[in-house]
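Input: a single structure, listed below in structure tokens.
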Amino acid sequence: MQTWLMKSEPEVFSIEHLRKKGHAPWDGVRNYQARNFMRDMKAGDLVLFYHSSCQPPGVAGLARVTKESHPDPTAWDKKGDSFDPRSTREKPLWFMVEVTYLETFPHFVTLDEVKADGYLAGMRLTQKGSRLSVQPVGRKHFDRVVALGRDVRFTSENRHVLDNRGKTG
DNA sequence: GCCAACGTTGGC
DNA sequence: GCCAACGTTGGC
């Protein structure tokens with residue numbers, strides 16, 4: 001099983017949208033590298049759902065790949081924003097996968113936290129100029145982000161537990 | 001809104 | 001195949 005990170009602008013499609021729908025086509029990707037990574041995805045692969053172009057950006061939760069790559073029909077929709085006349089039904093150019101909602105982290109793992117975490121050094125996400133909307137994540141990095149996201153000690157309601165440690169004793 | 005860092009396009 | 005112009009991403 002491989003692990004990945006996929007970016008979405010929450011104003012367009014957030015993890016909350018995915019939660020409500022249950023599953024969704026990850027369509028509209030128009031970058032060759034990202035497309036190639038999606039082609040490598042297998043059903044069952046796990047995905048960090050990343051919110052981009054928002055304040056703050058960061059990893060919001062987890063999803064699972066539930067359908068392997070198949071032609072992206074939005075490339076054929078002349079009226080849509082993702083239309084690409086080079087993609088035909090006979091020779092599709094763009095592909096997509098289906099992702100299914102797994103969980104929203106109790107703690108939203110911000111990009112700043114990812115950058116500051118020693119275990120996460122070298123993640124593609126934080127490398128300069130890296131803009132890929134679909135990218136592989138090493139298993140150790142993946143597990144670390146999940147651990148941060150699930151650690152309720154870091155949630156805003158519980159932050160004082162850590163902040164106040166030692167102040168009274 | 002700015003702009004750095006890429007990626008893509010198309011003339012030559 | 002080179003590269004200038006243009007488009008996009010996405011943090012800031």
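Letters A, B, ... are given to chains in the order of the sequence lines, protein chains preceding strands, and every chain is numbered from 1.
For the 3.5 Å distance criterion, the side chains of A:Arg30 and A:Ser87 fail to qualify, holding no donor opposite an acceptor.
Distances were taken from every side-chain heavy atom of A:Tyr32 (C-beta onward) to each of B:dT8, C:dG11, B:dT9; the shortest belongs to B:dT8. Distances from the side chain of A:Arg131 to the nucleotides B:dG7, C:dG11, B:dT9 place B:dG7 closest. In this structure, the nucleotide among C:dG11, C:dG10, B:dG7 sitting nearest to the side chain of A:Asn31 is B:dG7.
When the C1' atom of C:dC6 is taken as reference, atom CZ of A:Arg30 falls 20 Å away, rounded to whole Å. Atom-to-atom, NE2 of A:His51 to P of C:dC12 comes out at 17 Å; the value is rounded to the nearest Å. Residue A:Leu132 contributes atom CG, which lies 21 Å from atom P of B:dA4 at whole-angstrom precision. Rounded to an integer number of Å, the gap from A:Asp84 CG to B:dT8 P is 12 Å. One can place CG of A:Leu125 at 14 Å from P of B:dC6, the figure rounded to the nearest angstrom. Taking atom CG of residue A:Leu93 and atom P of nucleotide B:dT8, one finds them 11 Å apart after rounding to whole Å. Between the NZ atom of A:Lys7 and the P atom of C:dT9 there is a distance of 11 Å, rounded to whole Å. Following rounding to the nearest Å, A:Glu113 (CD) and C:dG11 (P) show an atom-to-atom distance of 15 Å.
Atom-to-atom distance recorded for A:Leu46:CG and A:Leu102:CG is 6.5 Å, nearest 0.5 angstrom.
Residue A:Lys128 places none of its side-chain N or O atoms closer than 4.0 Å to OP1 or OP2 of B:dA4. Contact between the side-chain N/O atoms of A:Tyr50 and the OP1/OP2 oxygens of C:dG11 is found at a separation under 4.0 Å.
A:Glu9 places no side-chain N or O within donor-acceptor distance of the main-chain N or O of A:Cys54, the cut-off being under 3.5 Å.
At a threshold of 4.0 angstrom between heavy atoms, the contacts of A:Gln33 are confined to the sugar-phosphate backbone, with no base atom among them. Nucleic acid contact class of A:Arg35 (heavy atoms, under 4.0 Å, all strands): none.
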Worked check of side chain to side chain contact (heavy atoms under 4.5 Å, CB included) between A:Tyr119 and A:Lys140 | CA-CA 8 Å; A:Tyr119 290 104; A:Lys140 285 180 180 173; over 6 Å; no
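A centroid separation of 6.0 Å or more is found between the aromatic rings of A:Trp4 and A:Phe49.
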